[in-house]
Number of protein chains: 2
Amino acid sequence: MSKCEQCIIKRFNALKSLTHDELVKFSDHKTTLHIKKGENLMTEGNAINGLYCIRDGKGKLTKLSTNGKEQIIKFVKGGDILGQRSILSDEPVGLNATALEDMHVCFIPKQDIIDTIKDNGQFSLNIMKIISHQLNQANTLVSQMAQKPVKERLAETLITLEMIFGIDNEGCIDVVLTREEIANTIGTATESAIRLLSNLKKDGVIDLINKKILILDKSALKNMSEGY
Amino acid sequence: MSKCEQCIIKRFNALKSLTHDELVKFSDHKTTLHIKKGENLMTEGNAINGLYCIRDGKGKLTKLSTNGKEQIIKFVKGGDILGQRSILSDEPVGLNATALEDMHVCFIPKQDIIDTIKDNGQFSLNIMKIISHQLNQANTLVSQMAQKPVKERLAETLITLEMIFGIDNEGCIDVVLTREEIANTIGTATESAIRLLSNLKKDGVIDLINKKILILDKSALKNMSEGY
DNA sequence: AAAAATAAATGATATTTATCATTTTCATAA
DNA sequence: TTATGAAAATGATAAATATCATTTATTTTT
């Protein structure tokens, strides 16, 4: 099994501030999971007993609302860590984490994380920074969901998806989502999302290639996301 | 000027884990502010150089969306602390904090907070817990805003307001909000909020006494907030 | 490769919500 | 105290969005 000390992924997240000894400890205690597309890594309401570090693959973080609809709160990919919020607040997991494609994930036991937070001030601060940043993002999202019409939210979401997942060699946003998942991201009915996407294609703003989306006119999308 | 060591407010927030020496240091360095109704304590986009601890009074945390509308993200009151997210992530303030009524607020310089986070593991953990909890709340709010219709969001909001601010001696929710502020909380037009409140009154679920709201049938509201 | 299942697309319509216009109520200061 | 302005309320209408029904396309299974 590969070792944390040599793992390239850690350069991109809070684990970069770990000492060599801490990395060795993590490496000794970690387990590696293979999550297949559609499977859950974490489930809303469950207790969690460690931190997940995504090596590769893509996932969605969702919340089930009381009316049974799924809301996608955030997308994740290699380098992201999951579970820190729940570990720190000692609350159950607040979101479902589901694989959008096969994922490799390392699991580090809770006690190692807690110990390291106490010992390593820089690590502690990095984790705080991540959560603080996520809180800011979530607040922004609340405002957007509450104030922006569906069309603007879709435009915003397409830009965000390209930023998160980048583009493939055809220029398409490098993630495959169903229309339903797009609808659940912007908080609208699937049919509404389909119609708006069709309109964007008709207007030459995007193209729909196989299961992926190609942004043709990003500045048009940007304007649209701001209500112009 | 009163001293942090003797302040009763600190029992209700992260400051309760401070040592006597730390409290004395905070007390020596703190300044006390009097924020009048309508005035801003923090402004979105500005840098912040300390932590605010609310002694008394009530406030709203808002965000201005690109179309110029105000979204209320959260309400605050005595015992709450403000600015921790910005201090930790070293980012500008993400929200405006505005007094809903006159407030007394203590300001503790950033460096004292940072030093204490490094020295006092329990304080550090408490701050993390607060932010983690807020992140969970914000994620829930995203889902509610995106998935629930306006009527359900209003019902939810009324219950939340009563939980946060409690009731006065007439049984009314103990905060005065304009219709516009209620609309900006649930993310709808002022007229829509007014109409829904009038309907709730007509149906005997709430009463509108002076500038305050009295919840008459909480279980009806609860059902309504869940779509029944 | 055909059949079955799932996802995407489209149309018709209903419902929700916003906007604009006007009136009424309430608070505040000249 | 009345004049002035703001907030609240109400009506009429328009726009946005959801729902339901149906068709077409795409995957998956047999």
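Atom set for the values below is all heavy atoms of this structure, side chains included, hydrogens, waters and symmetry mates excluded. Every value quoted in this text rests on a predicted model; they were computed, and no experiment measured them.
Residues meeting the side-chain contact (heavy atoms from CB on, under 4.5 Å) test with E162(A), sequence neighbours left out: I167(A), I173(A), I215(A), K218(A). Applying the side-chain contact (heavy atoms from CB on, under 4.5 Å) criterion to A97(A), with sequence neighbours excluded, gives L41(A), M42(A), L61(A), L82(A). Residues forming a side-chain hydrogen bond (donor to acceptor under 3.5 Å, both in side chains) with K60(A) (at least two apart in sequence, or on another chain): E70(A), E181(A). Here K212(B) pairs with D168(B), D174(B) under the side-chain hydrogen bond (donor to acceptor under 3.5 Å, both in side chains) rule; sequence neighbours left out. Contacts of K129(A) classified as side-chain contact (heavy atoms from CB on, under 4.5 Å), with partners at least two apart in sequence or in another chain: none. With sequence neighbours excluded, the residues that form a side-chain contact (heavy atoms from CB on, under 4.5 Å) with D80(A) are I54(A), V76(A), K77(A).
Between its opening and closing five pairs, the helix from dA1(C)-dT30(D) to dA30(C)-dT1(D) changes axis direction by 40°, a value rounded to 10 degrees.
For K63(A) (side chain) and N96(A) (main-chain N/O), no donor-acceptor pair under 3.5 Å exists by modelled atom type. The main-chain N or O of Q144(B) is never found under 3.5 Å from a side-chain atom of R153(B) such that the two would form a donor-acceptor pair. Remark: side-chain polar atoms of K110(A) are not paired, donor with acceptor, to backbone N or O of I87(A) under 3.5 angstrom.
Taking 4.0 Å as the cut-off between side-chain N and carboxylate O, R85(A) and D90(A) do not count as a salt-bridged pair. Taking a cutoff of 4.0 Å between a charged side-chain nitrogen and a carboxylate oxygen, E101(A) and K37(A) do not qualify as a salt bridge.
The NZ-P distance, from K212(A) to dT26(D), rounds to 17 Å in whole Å. In this structure, L196(A) atom CG and dA8(C) atom P are separated by 15 Å, rounded to whole Å. Atom-to-atom, NZ of K201(B) to C1' of dT25(C) comes out at 12 Å; the value is rounded to the nearest Å. If you measure from atom CD of Q147(A) to atom C1' of dT17(C), you get 14 Å, rounded to the nearest angstrom. Going from atom CD1 of I186(A) over to atom P of dA18(D) covers 9 Å, rounded to whole Å.
Evaluation of the ring-ring contact (aromatic ring centres under 6.0 Å, His included) test over residues 206-228 of chain A, restricted to residues two or more places apart or in two chains, returns none. Evaluation of the ring-ring contact (aromatic ring centres under 6.0 Å, His included) test over residues 135-184 of chain B, restricted to residues two or more places apart or in two chains, returns F75(B)-F165(B).
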Quick tally for nucleotides 6-14 of chain D: nucleotides whose base has a protein heavy atom under 4.0 Å get B, sugar-phosphate-only ones S, the rest -, giving -SSBBBB--

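Contact between the side-chain N/O atoms of S192(A) and the OP1/OP2 oxygens of dA18(D) is found at a separation under 4.0 Å. Contact between the side-chain N/O atoms of T188(B) and the OP1/OP2 oxygens of dA18(C) is found at a separation under 4.0 Å.
Scanning residues 63-77 of chain B for heavy-atom distances under 4.0 Å to DNA chain D yields an empty list. Within residues 148-155 of chain B, no residue has any heavy atom under 4.0 Å from DNA chain D.
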